Colleague: 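Below you'll find the structure I mean.
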Amino acid sequence: MTTDAGQVPATPLYTITLTGSGVSIDGEPVGVPAGDLPAARLAALAEIRVRAALRGRPVRVTAKEPDGSAWPLVVDPDGRVTTLSVPHPVVPPPVRAGDGSGRSAAPVVPVVPVAPAAPVVPEPAVTWGAPLPVAHQEAWARLLAAHGAGDTTTAIALAERTEAALEAEYGPLHPHTVQVLSARAWLVLGRRDDLSATVQLLVRTALRRRRAGAEPRSETAQVAGNAHAAWRSLAATDPRRALELSGPLTDMLEELGWPDHTQDVVRWVEEATPRPTLPEDPTLPEDPASPEGRT
């Protein structure tokens with residue numbers, strides 16, 4: 001499916017800059033080996049994909065190559081990259097001075113761009129990736145700001161609180177709730193500091209997305225694959241905990257229809273579980289060659 005660039009908000013507009021020494025996003029370096037341009041492109045686009053997933057919609061990017069060329073792109077939450085044939089729209093700078101009325105303009109506070117407000121109707125139909133309700137947009141904007149500043153701990157805490165509020169208001173399978181749960185899973189995965197908790201959250205997220213029919217389905221598959229990969233890392237460092245989580249993981253993989261990954265977990269469990277040893281049978285006849293066996 002091709003992304004309609006005309007439906008993608010003009011902001012935020014990220015800038016990926018590739019040089020011979022590495023790659024940066026809006027001036028912030030992305031950790032990749034120096035001189036490996038293909039790896040640098042992939043790493044930068046992977047980071048942009050996470051930011052798109054956090055917003056639940058495609059985002060705009062300008063990719064600047066070492067030769068000076070610049071490419072307007074749109075990156076979707078599922079990682080799809082669309083090269084545009086026209087430049088990104090120009091966004092006028094915000095007004096910071098007085099407006100001529102004698103009053104000073106209010107300071108500009110960064111917020112998440114949202115679509116024009118729709119009329120309030122009972123139980124409106126919500127599509128996957130739609131902006132959060134107005135009551136939750138401030139928390140969402142703070143989450144994005146914390147993530148952009150590298151404060152992952154605060155971003156995760158805000159995601160958890162927003163998710164709980166949305167679940168209480170709309171239910172666990174509503175697109176808004178699942179969107180924030182998915183964002184929290186990406187944030188926790190990126191922190192990589194508690195593999196056990198990460199596996200549990202990814203398993204729950206994959207199941208929730210599956211049961212809610214979340215779109216895009218490729219993102220559900222990505223979450224499930226990350227759950228298996230995180231569990232594999234946990235198995236290498238904490239086999240006992242990996243054994244405890246193998247059941248919920250295989251249940252999730254079976255529900256999603258991933259037999260190869262399921263068998264991988266089952267094989268590991270079989271190899272990691274000690275085989276019982278049978279006790280010696282006291283009824284076996286004595287060895288006639290032994291002193292006790294001679295008559």
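Since we're looking at a predicted model, the values are computed, not measured. FYI, side chains are in, hydrogens and waters are out, and symmetry mates aren't considered; it's all heavy atoms of this structure.
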Colleague: I need the full list of ring-ring contact (aromatic ring centres under 6.0 Å, His included) pairs touching residues 39-73, with sequence neighbours left out, sorted by first then second residue.
Modeller: none
Colleague: Mind checking side chain to side chain donor-acceptor pair (under 3.5 Å) for Arg204 and listing every partner two or more places apart, or none if nothing turns up?
Modeller: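 Partners of Arg204 by the side chain to side chain donor-acceptor pair (under 3.5 Å) criterion come out as none, since no residue qualifies.
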Colleague: Indicate whether the side chain of Glu169 and that of His176 have a donor and an acceptor atom separated by less than 3.5 Å.
Modeller: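 No, His176 and Glu169 have no side-chain donor paired with an acceptor closer than 3.5 Å.
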Colleague: Minimum heavy-atom separation for Thr220 and Ala206, please, with both atom names.
Modeller: CG2-O, 3.8 Å
Colleague: How would you list, by chain and number, every residue that makes a side chain to side chain contact (heavy atoms under 4.5 Å, CB included) with Pro66, sequence neighbours excluded?
Modeller: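 Side chain to side chain contact (heavy atoms under 4.5 Å, CB included) list for Pro66, sorted by chain: Leu18, Leu37.
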Colleague: So which atom in Leu202 and which in Val223 form the shortest heavy-atom distance, rounded to 0.1 Å?
Modeller: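 What the structure gives for the nearest pair is O-CG1, 3.4 Å.
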Colleague: Kindly list each side-chain donor-acceptor pair under 3.5 angstrom involving residues 235-251, sequence neighbours excluded, with atom names and distances?
Modeller:
from   : atom 1 : to     : atom 2 : distance (Å)
Thr237 : OG1    : Ser233 : O      : 3.4
Thr237 : OG1    : Leu234 : O      : 3.3
Asp238 : OD1    : Arg241 : N      : 3.3
Arg240 : NH1    : Glu244 : OE2    : 2.5
Arg241 : NE     : Ser196 : OG     : 2.7
Arg241 : NH1    : Glu244 : OE1    : 2.6
Arg241 : NH2    : Ser196 : OG     : 3.4
Ser246 : OG     : Leu243 : O      : 2.7
Thr250 : OG1    : Ser246 : O      : 3.0
Thr250 : OG1    : Gly247 : O      : 2.9

Colleague: Using every non-hydrogen atom in the two residues, find where Gly213 and Trp128 come nearest and quote the distance to one decimal.
Modeller: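 Distance-wise, the nearest heavy atoms are O-NE1, 3.5 Å.
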Colleague: Does any pair with a residue in residues 202-230 pass ring-ring contact (aromatic ring centres under 6.0 Å, His included), and if so which ones, sequence neighbours excluded?
Modeller: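 Qualifying pairs, neighbours excluded: His228-His261.
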Colleague: Are Arg51 and Tyr14 in a cation-pi contact, defined as NZ or CZ under 6.0 Å from the six-membered ring centre and within 45° of the axis?
Modeller: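 Checked: cation-pi criterion met.
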Colleague: Please list, chain by chain and in numerical order, all residues satisfying side chain to side chain contact (heavy atoms under 4.5 Å, CB included) with Ala221, sequence neighbours excluded.
Modeller: Trp258
Colleague: For a 4.5 angstrom cut-off between non-hydrogen side-chain atoms, does Leu13 reach Val61?
Modeller: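 Leu13 vs Val61: side chains apart.
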Colleague: Atom NE2 in His147, atom OG1 in Thr152: separation rounded to 0.5 Å?
Modeller: 7.0 Å
Colleague: Might you point out which heavy atoms bring Leu132 and Gln137 nearest each other, and give the distance in Å?
Modeller: O-NE2, 2.8 Å
Colleague: Salt bridge (Lys or Arg N to Asp or Glu O under 4.0 Å) between Glu219 and Arg49: does it pass, once the steps are laid out?
Modeller: CA-CA 11 Å; Glu219 185 170 334; Arg49 177 190 182 281; 5.0 Å; no
